[in-house]
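The structure appears right after this line, and notes come after that.
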Protein chains: 2
Amino acid sequence: MVDTTADSDLLDLRKGRPAAGQDPMKRAQIIEGARRVFIDKGFEAASMNDITREAGVSKGTIYVYFENKEELFEALIEEERGTIFKNLYEVLDHFDDLRKTLVKFGMALSVKITSARVIQAQRTVVGAADRIPELGARFYERGPKRGHDRMMVFLNEAVSRGLLTIDDVDLAAYQFTELCLAGLFRQCIFSYRTKAPSQSEIEKVVRSGVDVFLKAYGSEQLFAEERASQLA
Amino acid sequence: MVDTTADSDLLDLRKGRPAAGQDPMKRAQIIEGARRVFIDKGFEAASMNDITREAGVSKGTIYVYFENKEELFEALIEEERGTIFKNLYEVLDHFDDLRKTLVKFGMALSVKITSARVIQAQRTVVGAADRIPELGARFYERGPKRGHDRMMVFLNEAVSRGLLTIDDVDLAAYQFTELCLAGLFRQCIFSYRTKAPSQSEIEKVVRSGVDVFLKAYGSEQLFAEERASQLA
DNA sequence: AGGAAATCGAACCGAGTGGTTCGAATTATT
DNA sequence: AATAATTCGAACCACTCGGTTCGATTTCCT
């Protein structure tokens, strides 16, 4: 059931009457319903009637806003992707202490990726990737790929500061990401874990991952600096 | 279409007439058809009629062998899992040179996991994991989990031989696996890559992964041995 | 208040769903 | 050749699917 009170509240906020299929409030309402249905049933099992019910919007209206089921799904995934990766990489914007920054970023990343909602979204995308490969590709490209690129910039910066010694930064960026997720992602996505890992567990994995990463790529200068700050 | 010639060949091999729903040949024939349909359409989108067509077996017969769609699917995944992880860990049974063994195992693992067929199977399982979580859990438990346990035994052996220094072997085993797949698995499963990575690309990733792993966990003894064999 | 427009709601379409049933055809054993 | 059993193949069930249509209703702007 939909909350009609909240619905009218939303409507009251509109400045003027939008053109057919152009009201962003209604659009959001539809997508929110679609989110609930698609995420917990997958693309195929989800029916437009379910979404109609869940969104509290008539079927006719949905088809004014979206061409068909697939387009609605893509719009949803597009939005999901946006909220997942938003503000995820800003930790990398200003770094002082390299190790701390890596841990902070690794934590943010790992917490996000293994959260119940994000795992479910990823499952849905993966499950649909067979039938709509472009969707999966676009999700990866505008999500994980973008983060990877950002990570490369960060690592290059660290290299040019003499803190890291890396010959293949591209590969190293992947390795860092994987180290921060060691085991967790796979367990979550196969629903071997039914709940998201705890904060402390993630911290353990990330700290160890950063240790491994820095033992492999940390420069003498970095270790010297760390020893110095240890004494102070 | 099914190859009826091959079919009768199969039938000719049978020793005696099996009980209804007990012929392993027919069962295999059904599962093979189910494999083609399920793998490339996913659980929901696949129809029993598709499978009927693809397997060249009448619908009534399928329902003699399997209770319903879900049970057929589970039987298929069970078999897939078996073939995927068979003979994967035997590389670890006798190790002489640690680095070489790790590379060999990492290669076998990475090649297998990122192969087109295995990726598709994993996508199907992941996609179905929302509706049938036990299936995903069982797949992980009897597949990746088992491999992880085997890897822990191996690492413990290496530790007791003084070649590695690891405080958390469980975590280290995960890290090793992830390092061998760095980036590849994620790209494949989201169909950002449409083809499996090349042998040489995998080798690059695995060699680097092993490097990182050994820099983090390799003991002085190991490095001394490696320097020695370098001279010889 | 009047009029234009967006939404609703429900019926409808053809196709396909998983699952069942049953007589006909095929098969292997005796 | 006769018999017993499995498989086939097709029809059938009640239901749902995505998608379309259209008149009734609600909504907002003038």
Side-chain angles (χ1 to χ4, degrees), chain A residues 1-2 4 7-30 33-34 37-38 41-76 128 131-132, chain B residues 1-2 4 7-30 33-34 37-38 41-76 128 131-132:
Chain A
M1 257 313 162
V2 80
T4 47
D7 186 31
S8 17
D9 282 354
L10 289 179
L11 293 177
D12 290 342
L13 291 175
R14 305 194 300 204
K15 306 286 164 49
R17 170 164 273 256
Q22 296 294 345
D23 185 348
M25 301 284 190
K26 192 124 239 142
R27 190 186 149 95
Q29 184 183 346
I30 295 171
V37 178
F38 276 131
K41 300 186 119 181
F43 178 75
E44 296 292 340
S47 86
M48 292 300 271
N49 290 324
D50 291 341
I51 296 172
T52 283
R53 208 175 306 117
E54 201 68 27
V57 172
S58 85
K59 213 163 161 183
T61 304
I62 292 185
Y63 277 96
V64 170
Y65 280 78
F66 301 94
E67 186 74 21
N68 51 36
K69 188 183 180 184
E70 189 165 315
E71 202 193 89
L72 171 57
F73 182 63
E74 297 204 20
L76 162 67
R131 301 177 70 64
I132 324 172
Chain B
M1 257 311 162
V2 79
T4 47
D7 186 33
S8 15
D9 281 354
L10 290 179
L11 293 177
D12 290 342
L13 292 175
R14 306 193 297 203
K15 305 286 163 51
R17 172 164 271 256
Q22 296 295 344
D23 185 348
M25 301 284 190
K26 192 123 240 142
R27 190 185 148 95
Q29 183 183 346
I30 295 171
V37 177
F38 276 130
K41 302 187 117 180
F43 178 74
E44 297 292 340
S47 87
M48 292 299 271
N49 289 324
D50 290 342
I51 297 171
T52 282
R53 209 174 307 116
E54 200 69 27
V57 173
S58 85
K59 213 164 163 184
T61 304
I62 292 184
Y63 277 97
V64 169
Y65 281 79
F66 301 94
E67 188 73 21
N68 52 36
K69 188 183 180 183
E70 189 165 315
E71 201 194 273
L72 172 56
F73 181 64
E74 298 205 22
L76 162 68
R131 301 178 70 65
I132 324 172

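By convention in this document, chain letters (A, B, ...) are assigned in the order of the sequence lines, proteins followed by strands, and residues within each chain are numbered from 1. If you're wondering where the values come from, they're calculated on a predicted model, not measured in any experiment.
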Report task. Please tell me which of D50(A) and V57(B) maps to the more 5' nucleotide of DNA chain D, matching each residue to the nucleotide holding its nearest heavy atom. Result -> V57(B)
Do any N or O atoms from the side chain of [X] and from the backbone of [Y] form a donor-acceptor pair under 3.5 angstrom?
X	Y	value
Q29(A)	A55(A)	yes
K41(B)	D50(B)	no
T61(B)	V57(B)	no

How many whole angstroms separate atom [atom1] of [X] from atom [atom2] of [N]?
X	N	atom1	atom2	value
K26(A)	dT27(D)	NZ	C1'	10 Å
I51(B)	dG16(C)	CD1	C1'	15 Å
Q29(B)	dT7(D)	CD	P	10 Å
M25(A)	dT7(C)	CE	C1'	17 Å

Query raised in the report: Counting only side-chain N and O atoms of Y65(A), is one of them less than 4.0 Å from OP1 or OP2 of dA6(C)?
Result: no
Query raised in the report: Would you say S58(B) reaches dC8(D)'s phosphate, i.e. side-chain N/O to OP1/OP2 under 4.0 Å?
Result: yes
Query - Set of residues satisfying ring pair (Phe, Tyr, Trp, His ring centres under 6.0 Å) with respect to F73(A), sequence neighbours excluded - result: F38(A), F43(A)
Requested in this report: Determine, step by step, whether R131(A) and E44(A) satisfy the salt bridge (charged side-chain N to carboxylate O under 4.0 Å, His left out) criterion, reporting the C-alpha distance in whole Å, the side-chain angles of both residues, the deciding distance to 0.1 Å, and the verdict.
Outcome: CA-CA 10 Å; R131(A) 301 177 70 64; E44(A) 296 292 340; 2.3 Å; yes
Query - Under 4.0 Å protein heavy-atom contacts per nucleotide of nucleotides 18-23 of chain C, with B for base, S for backbone only and - for none - result: BBB---
**Report entry** Atom CD of E67(A): over 12 foreign heavy atoms under 6.0 Å
**Finding:** no
